[in-house]
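Single-structure report; data block below.
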Amino acid sequence: MEKSRKISKLCILCIVLGMLSVATIVTLWSIALTDSRVVTAPWDIYRLPDTLKPDHYKLTLWPRLTANEQGLYIFTGKSYVVFQCVKETDLILIHSNKLNYTKWEGGQLAKLTALGNITAPTIKSSWLKETTQYLVMQLNGYLTVGEFYQMDTEFVGELADDLSGFYRSEYEENEVKKVLATSQMHPTYTRKTFPCFDEPAMKAVFHITLLHPRGTVALSNSKQQSVSQTGFEPTKTMSTYLLALIVCDYAYISAQEGDILIRIWARRKAIGERHGEYALNLTGPILSFFEVYYNTSYPLAKSDQIALPDFYFGAMENWGLVTYRETNLLYDPLISSNSNKEKTATIIAHELAHMWFGNLVTLRWWNEVWLNEGFATYVSYLGADYAEPTWNVKDLIVLKDVHRVFAIDALASSHPLSSKENEIIKPEQISEQFDAISYSKGASVLRMLSDFLTEPVFVQGLSVGVFRHLNGNAAVDASGMELPSTVNDIMNRWVLQRGFPVITIDTANGHVSQEHFLLDPDSVGTVPPSEFKYWIVPIKWMDAGVVQEEIWLLEKEDLHTLLIFTWVLANINVTGYYRVNYNIKNWERLLVQLSTDHQIIPVINRAQLVDDAFNLARAQLILTTLALNTTKYLSKEREYMPWESAMDNLDYFYLMFDRTGVYEAMHLILLPEGHTDQYNQANAIRVACSTGLEECLNLTKGWYKQWMDNPDINPIHPNLRTAVYCSAIAAGGAVEWDFGWNMLKNATIATETDKLMSALACTKDKKLLNRYLEYTLDSDKIRKQDATSVIVYIANNLKGQTLAWEFVTQNWEYMFTQYGVGSFSFANLISGVTMRFSTNPELDQLYTFKQENSDIGFGSGTMALEQAIERTKANIKWVDKNQKEVWDWFLSETE
């Protein structure tokens, strides 16, 4: 009873947060008329009809871990699904993709039986619809409403290395090649493994059996019941995309957290070298934290987490069997850096947060991805902070998510958090939803909601449904806290319209106003109209370091008592999802405060002032020299966040000007010194060496040479390796590059592989860069999961920019239609190789690329291509307007 009671509360959470995303639910099971005579066939519609409801699946799969005579790896399977007819129909549509079926009696692709006291109609015809990925069965009669039916199939699929569905991964251990079978069903790849109703709302129970060779282990969402032919306990009722299937020769370590069995699985060597211990030690506390946070017990008997050599995403929240890239789960304190450790903690917290919100309570359709991923991103910082309380990791959401997504959401081609259901239909449209807007803006907006409600009230709402009271006409919640409107009314403006505002405060007259912030002001005419003309904005502010009473901006502009004689700072700790501009006098006072006693201003806001100023200048709202002046106090700054904010923004200057004479004037000497100190040290080395400081180059080359002389002993501190490797390889030649490549191939932990992988792209030798690009299309050299990253790393190198762009354009068809399917992140690829674009010829190249490949398509990169075009246009205008001003400023500062 207790568990049932708690879960019912979580159901309230689903309703509650659903209020925040009130996108119109469009019924897709309607016949689309192209004219008065032609009707679209149901199998040509991408959404399933609402006629059938799955109850449970019985699935047996046998993956072959050796190639057959044709050199192919395959799996065979047989399954049945029991479903209920909820509306009368003579048609069965079930998802299926790239499966070959054994034919039943009459040559049909499936067998249909009734489970009650009735007879199932016979199958008139059955076929596969490739475009919409259906197995279609037309019946000779109608299914009876309320009755249950069983559909049996037998099939063969390829156990390919494409990182989707049921696929294979390969690795070497003790000089022996090993093959494992693993899965990535999310978002629409379960249909590539067996026929299923592959939509998130179509939850069912799964009865899984995996056949596998002796000496291997089989894993799935539930506990094992047998070996060699491993059956599993029935799963909880869940969505198809959460299913996980693995056959491997792995080892594990385990612990018990109350009644929960926790296991970390990895290659035997990795487990033997104790690379899974940090993850094991984290998991129990994080699970305990979320049990309290959600006020609901962990819903399963076990929590398995496994590190895979080949994996497309960073991790995947399969219920009870979470899959990770090795670099995100495994940690070696002798080799891995603090940033690796932090990444492991936050990603584990993100995935475990999904065990409740996402898995137990699931989105109905993919247009609401932001609720799932945004919420998990936000609370991942809370979970990691609980497990590692000395890190202050909660503050880093500002750098890693708020500032990150501002750059995208300031484009006219951005999109709202929530879309209409009928706008997100095709698999490639679904994939596009998993972007920075859903993850980072979703997290930022929920963080803002938590802040203005206060975290205790926000958490209470998750437990007892307080938000129901806030959805009515009353503007006061159960705690008596005053709000200017309902949560629904406030949040609609942040969820249903794209972008965010810039709040402008004039301290001379108390005038406060808002407008849609766009990096290119001229693009305002291309923004689709919104039903909302403004945002309802919570403004926390201080006067000369003293926190004042919070105000709300309810209209486009208003007057408030912000008249001061010292200085005003708004958006304390950047809890609001907006930028802030001031009248010039207030900016000048803030700059004086930074230069005299910067610690009066909170550290997060010191980072905010730099980031806001640089981006306001890009949007032509303030002078670029004013933005540059915010960095002049940094010689006194010892905190990581302001430095990182400055470095991120100055990196934009490098990208825009490193092909011009301005670059020569941008030689900054940076001497910065808890958990984040190592970031400052690494930044100092990166910048000092990249600008040619001889002392820095001698230091990094010397360390790297010591390592080359004795490869078994690496003298470079793990926290500095990324910066040192890059500097030494950039200053060296083929010998240094080849050594780095050999160390990459022999690395024993993926975090070290990642550092070397990025560093190899730092070489200035174009022959080596071209060789490295070719490696990305050879999975024996660069794993498919890493190909996108390597190409983008090379594009970030001035010497490699043109090479990477030409490589992508010349190989686009091959990557898009063959090699890269399921493995390339096309959105990240397009965004990454065009980040430096800032000339008219480069804009022309983008248009040509778009035109020449329009028939092939861009898949999940479609939106990224439009954003690249818009960003390039804005860059051209900005460089033309600011090049001389920036050059003069740097020259004056170095005199």
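Each residue takes its place number in the sequence, starting with 1. This one's a predicted model, so the numbers in the text were calculated from it and none came from an experiment.
- Between the side chain of Glu373 and the backbone N or O of Gly442 there is no donor-acceptor pair closer than 3.5 Å.
- Within the 3.5 Å criterion, the main-chain N or O of Asp489 finds a donor-acceptor partner in the side chain of Thr486.
- Scored by the ring pair (Phe, Tyr, Trp, His ring centres under 6.0 Å) test, Trp552 finds Phe452 as partners (sequence neighbours excluded).
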Could you go through the ring pair (Phe, Tyr, Trp, His ring centres under 6.0 Å) check for Phe657 and Trp878 one step at a time? CA-CA 11 Å; Phe657 296 130; Trp878 187 85; 5.6 Å; yes
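- There is no side-chain donor-acceptor pair under 3.5 Å between Glu557 and Ser513.
- In this structure the side chain of Thr700 reaches within 4.5 angstrom of the side chain of Ile685, judged on heavy atoms.
- Side-chain N/O atoms of Ser337 and Asn340 include a donor and acceptor closer than 3.5 Å.
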So Asp658 and Arg836, salt bridge (charged side-chain N to carboxylate O under 4.0 Å, His left out) or not? Walk me through it. CA-CA 9 Å; Asp658 61 7; Arg836 188 182 262 105; 2.9 Å; yes
Residues Met542, Trp567; criterion side-chain contact (heavy atoms from CB on, under 4.5 Å); working and verdict: CA-CA 8 Å; Met542 62 171 55; Trp567 51 263; 3.9 Å; yes
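- Using modelled atom types, one finds a donor on one side chain and an acceptor on the other under 3.5 Å when comparing Asp401 with Tyr381.
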Could you walk me through whether Ile869 and Leu843 pass the side-chain contact (heavy atoms from CB on, under 4.5 Å) test, one step at a time? CA-CA 7 Å; Ile869 291 170; Leu843 180 61; 4.1 Å; yes
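- Shown here for Ser727 and Leu697, the closest heavy-atom pair between the two residues is OG-CD2, 3.7 Å.
- The side-chain heavy atoms of Glu885 and Leu623, taken from C-beta on, include a pair separated by under 4.5 Å.
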Please determine whether side chain to side chain donor-acceptor pair (under 3.5 Å) holds for the pair Tyr654 and Ser690, giving the CA-CA distance in whole Å, both sets of side-chain angles, and the decisive distance to 0.1 Å. CA-CA 11 Å; Tyr654 285 119; Ser690 67; 5.4 Å; no
Kindly determine whether Ser413 and Glu870 satisfy side chain to side chain donor-acceptor pair (under 3.5 Å), including the steps that lead there. CA-CA 7 Å; Ser413 52; Glu870 182 183 349; 2.6 Å; yes
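- Counting heavy atoms from C-beta on, the side chains of Trp587 and Ile622 come closer than 4.5 Å.
- Side chain of Glu842 to backbone of Ser838: a donor-acceptor contact under 3.5 angstrom is found.
- Salt-bridge check for Asp648 with Arg404: failed, with every basic side-chain N at 4.0 Å or more from each acidic carboxylate O.
- Under the 3.5 Å distance criterion, the side-chain polar atoms of Asn586 are left unmatched by any main-chain donor or acceptor of Thr507.
- Rounded to the nearest 0.5 Å, atoms CG (Asn338) and CH2 (Trp391) are 7.5 Å apart.
- Side-chain contact between Pro521 and Leu518 is absent, with no heavy atoms from C-beta onward closer than 4.5 Å.
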Kindly indicate, with the supporting measurements, whether the criterion salt bridge (charged side-chain N to carboxylate O under 4.0 Å, His left out) is fulfilled by Arg606 and Glu637. CA-CA 10 Å; Arg606 302 202 295 270; Glu637 181 66 79; 2.7 Å; yes
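- When only modelled atom types and interatomic distance are considered, Gln608 and Asp611 share no side-chain donor-acceptor pair under 3.5 Å.
- Looking at every heavy atom in both residues, Leu634 comes nearest to Ala646 through CD1-CB, 3.5 Å.
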Report the C-alpha distance between Asn875 and Arg618 in whole Å, list the side-chain angles of each, state the deciding distance to 0.1 Å, and finish with yes or no for side-chain contact (heavy atoms from CB on, under 4.5 Å). CA-CA 9 Å; Asn875 289 344; Arg618 286 180 64 182; 3.8 Å; yes
Under the ring pair (Phe, Tyr, Trp, His ring centres under 6.0 Å) criterion, do Tyr652 and Phe614 qualify, and how do the steps go? CA-CA 10 Å; Tyr652 174 74; Phe614 273 88; 9.1 Å; no
Worked check of ring pair (Phe, Tyr, Trp, His ring centres under 6.0 Å) between Phe500 and Phe517: CA-CA 6 Å; Phe500 60 92; Phe517 180 80; 5.6 Å; yes
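- No donor-acceptor distance shorter than 3.5 angstrom exists from the side chain of Arg498 to the backbone of Val495, with no hydrogens or angles considered.
- Two rings, from Phe406 and Tyr577, have their centers less than 6.0 Å apart.
- Between the side chain of Gln801 and the backbone N or O of Val833, at least one donor-acceptor pair lies under 3.5 Å.
- Between Val568 and Tyr582, some side-chain heavy-atom pair lies under the 4.5 Å cut-off.
- Between Ala607 and His403, the shortest heavy-atom contact is O-CE1, 4.0 Å.
- Of all heavy-atom pairs between Gly576 and Met448, the closest is CA-SD, 3.8 Å.
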Under the salt bridge (charged side-chain N to carboxylate O under 4.0 Å, His left out) criterion, do Asp522 and Lys877 qualify, and how do the steps go? CA-CA 10 Å; Asp522 295 336; Lys877 295 175 185 176; 3.1 Å; yes
Give the C-alpha distance, both sets of side-chain angles, the deciding distance and a yes or no for side chain to side chain donor-acceptor pair (under 3.5 Å) between Asp435 and His415. CA-CA 10 Å; Asp435 64 356; His415 63 89; 2.7 Å; yes
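- Looking only at distances, a side-chain donor or acceptor of Ser892 sits under 3.5 Å from a matching main-chain atom of Trp889.
- Nearest heavy atoms, Arg447 versus Thr575: NH1-CA, 3.6 Å.
- Among all heavy-atom pairs drawn from Tyr578 and Lys540, the shortest one is OH-N, 4.2 Å.
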From CA spacing to verdict: side chain to side chain donor-acceptor pair (under 3.5 Å), Arg871, Thr834: CA-CA 9 Å; Arg871 188 173 55 243; Thr834 61; 3.3 Å; yes
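- Taking the six-membered ring for Trp and thresholds of 30 and 60 degrees, His598 and Tyr633 have ring planes inclined between 30 and 60 degrees apart.
- Distance alone, capped at 3.5 Å, is enough to place a donor-acceptor pair between the Asp409 side chain and the Gly499 backbone.
- Checked against a 6.0 Å centroid threshold, the rings of Phe532 and Trp494 do not count as neighbours.
- Relative to the ring axis of Tyr534, Arg493 places its NZ or CZ within 45° and under 6.0 Å from the centre.
- When side chains are defined from C-beta on, Ile539 does not count as touching Glu550, because their heavy atoms never get closer than 4.5 Å.
- Under a 3.5 Å cut-off, the side chain of Trp535 and the backbone N or O of Leu554 do not form any donor-acceptor pair.
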Evaluation steps, salt bridge (charged side-chain N to carboxylate O under 4.0 Å, His left out), between Glu342 and Lys400: CA-CA 12 Å; Glu342 177 194 300; Lys400 296 180 181 294; 3.6 Å; yes
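- Using a 4.5 Å heavy-atom threshold, the side chains of His516 and Val524 count as separate.
- Cysteines Cys726 and Cys689: SG-SG separation is not under 2.5 Å.
- Residues Asp451 and Phe458 are not in side-chain contact: their nearest non-hydrogen atoms beyond the backbone lie 4.5 Å or more apart.
- Listed for the Asn629 side chain is no donor-acceptor partner under 3.5 Å among the backbone atoms of Leu591.
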